[in-house]
Amino acid sequence: MNKFAQKLAEHSISLRRGRPEILQVNVGKLCNLTCVHCHVNAGPKRKEIMTRETVDRIIGWLSRTNIPVVDLTGGAPEMIPDFRYFIEKVRSLERSRHVIDRCNLTILLTSGYKDLPQFLADNRVEIIASMPCYSSENVNAQRGDGVFEGSIQALQVLNSLGYGCHPDLPLHLVYNPVGAYLPGPQAELETDYKRELKKHFGIVFNKLYSITNLPIGRFASYLRHSNKLADYMESLINAFNPATVDGLMCRNTISVGWRGEVYDCDFNQQLGMQWKNGTPVFLWDLDPKDTENREILTGDHCFGCTAGAGSSCGGAIV
Ligand code: SF4
Ligand code: SF4
C-alpha cells in the first residue's frame, strides 16, 4: 500500500469514482514551450499526438454518453492537426457538449494559429489559461523568456473578442507556484491578479484557479536536481486535508491519453497508471456506467491534490 492509500485508510476514507461529468482528453505532448513545472514533459520535439482515427473513436464513444463537458489538454492541445476538427465534432453532436481548451496563451500568437481565438469564440469554447504570476520575472523564469509579454498580448486579444466579459465566453487563469511551495489562498490571489492585470494591462478575466505542482515529470526532475524533493513531499504529506477528498477531480473525470487509453487523471496518465480490466483499457472498451464506484488508482503524488485547500483542474477544492 502506498503512503497516500495508508493515509486514506487511517482516516477511514475509501476513494472511489462517482458519476463521470468531465471527459478530459490529453491530445498529446507537443507544445511550443518547455516549462520548468510541466508534469507532462511536453515540448516542441515531442512526437506523441492524437490521430484523426482516435478522435473519431472518442467522439463515437462520447455520443453514447451524457457526459456534459469535454476538457482538452496537452501539451498545447491546439497544435495537433485535428484540434479544430475535434471541437467541431463535439459541438455538432446531437446533444452538444461544453468544451474547455487548456491554453498556454502564447500559442495564440504563433504563426499558423492567429485565427484560433476567433475560432474558439465562434465555438463558445471556454479557455483556461496558464498564468503563473502577474509579474514578468516570475512567469519568464518558469515558462521561458518573453512568455509573460506574449501571454499579456494573447489575453488582450481574447478580451477584444469578448472573452472574460461575455457570459458565453469564460476565461479563467491558472496560477501555480513558481517554486517548491504550496499555493497561497486562491481568493486573495484572484483579487491581486484582477487588480494588477486590470491596472497595468486593462485585462479582465473570470476566475483564478490555484493549482499545486505535483512532484512528477519535469517538476520532479527539478526538485531532485535542486535537492528539494524529500522536503517538498514532506510538506505535501504534512498538509494532508481529508476535507478535500470528496472534491478530488478523479472522482468525476475520465482522463484519456493520445492513443485513447483511460486513466483516473492526467497525473496518473503521465505516470502510466492506465486502467486494466485484465488487459489495458481504451475508452472504446468502456461502458460509461461501469466507471461508477470503481476504485481510484493512487500513489504518493496524490498528496499534491489533498494538501491545504486541495488542488484540481478547477483550482482549490475547499
Ligand atoms: S506546462 Fe503546459 S505550456 Fe508548459 S510545457 Fe507543459 S504543456 Fe506546455
Ligand atoms: S493525482 Fe489527484 S486526481 Fe489523480 S488520482 Fe491522485 S488524488 Fe486523484
Side-chain angles (χ1 to χ4, degrees), residues 2-5 7-8 13-18 22 24 26-46 48-49 71-80 101-108 110 128-132 139-144 147-148 150-151 154 174-176 178 211-222 236-237 240-242 244-255 258 262-275 294-307 310-314 317:
N2 64 63
K3 282 188 197 151
F4 185 75
K7 183 65 91 177
L8 293 181
I13 299 171
S14 123
L15 182 54
R16 289 188 173 268
R17 304 187 66 85
I22 302 170
Q24 186 173 68
N26 190 318
V27 296
K29 298 179 193 293
L30 181 62
C31 189
N32 57 322
L33 301 180
T34 46
C35 306
V36 176
H37 70 286
C38 185
H39 71 272
V40 182
N41 280 334
K45 294 190 179 148
R46 299 302 301 251
E48 302 89 337
I49 50 173
D71 182 340
L72 298 175
T73 188
E78 304 85 356
M79 290 179 81
I80 69 156
D101 174 28
R102 293 194 179 261
C103 177
N104 72 30
L105 292 173
T106 58
I107 191 67
L108 302 178
T110 307
I128 301 184
S130 321
M131 193 68 180
V139 174
N140 289 345
Q142 185 180 76
R143 320 202 83 205
V147 170
F148 178 76
S151 303
V174 171
Y175 159 84
N176 58 284
V178 179
I211 297 188
T212 304
N213 292 317
L214 260 66
I216 61 174
R218 200 176 286 137
F219 189 63
S221 307
Y222 154 78
L236 296 180
I237 293 170
F240 176 75
N241 178 358
T244 60
V245 175
D246 262 358
L248 289 172
M249 61 187 174
C250 46
R251 299 197 65 246
N252 71 347
T253 303
I254 295 177
S255 164
W258 64 278
V262 180
Y263 308 86
D264 284 304
C265 71
D266 200 57
F267 301 117
N268 284 9
Q269 181 174 149
Q270 306 318 319
L271 292 169
M273 296 164 69
Q274 187 174 355
W275 288 12
R294 186 183 172 106
E295 193 172 353
I296 291 168
L297 297 174
T298 60
D300 291 350
H301 61 289
C302 295
F303 281 110
C305 297
T306 53
S311 179
S312 74
C313 279
I317 297 173

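Both ligands and their constituent atoms are indexed starting at 1 by order of listing. Everything numeric here is computed off the predicted structure, so don't read it as measured data.
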For this session: State whether a side-chain donor-acceptor pair under 3.5 Å links N213 with H39.
Result: no
For this session: Check whether any side-chain N or O of R251 sits under 3.5 Å from a backbone N or O of I296 as a donor-acceptor pair, and report yes or no.
Result: no
Problem set entry | For W258, side chain to side chain contact (heavy atoms under 4.5 Å, CB included) partners two or more places apart | E48, M50
Exercise. Rounded to the nearest 0.5 Å, how far does SG of C250 lie from CG of L297?
Worked result: 10.0 Å
For this session: Please test R17 against D264 for salt bridge (charged side-chain N to carboxylate O under 4.0 Å, His left out), starting from the C-alpha separation and ending with a verdict.
Result: CA-CA 9 Å; R17 304 187 66 85; D264 284 304; 2.7 Å; yes
Seminar exercise, completed: By chain and number, the residues contacting ligand 1 below 4.0 angstrom (heavy atoms only) are C31, L33, T34, C35, H37, C38, A42, G75, N104, R143
For this session: Kindly give the heavy-atom pair with the smallest separation between H301 and L214, and that separation in Å.
Result: O-CD2, 3.4 Å
Exercise. Between S255 and D266, what is the shortest heavy-atom contact and its length?
Worked result: OG-N, 3.6 Å
Exercise. What pairs with Y175 under ring pair (Phe, Tyr, Trp, His ring centres under 6.0 Å), at least two apart in sequence or on another chain?
Worked result: none
Exercise. With distance as the sole test, does N2 use its side chain to make a donor-acceptor pair with the main-chain N or O of T298 at under 3.5 Å?
Worked result: yes
Problem set entry | Protein N/O/S neighbour count - atom 6 (Fe) of ligand 2, strictly under 2.8 Å | 1
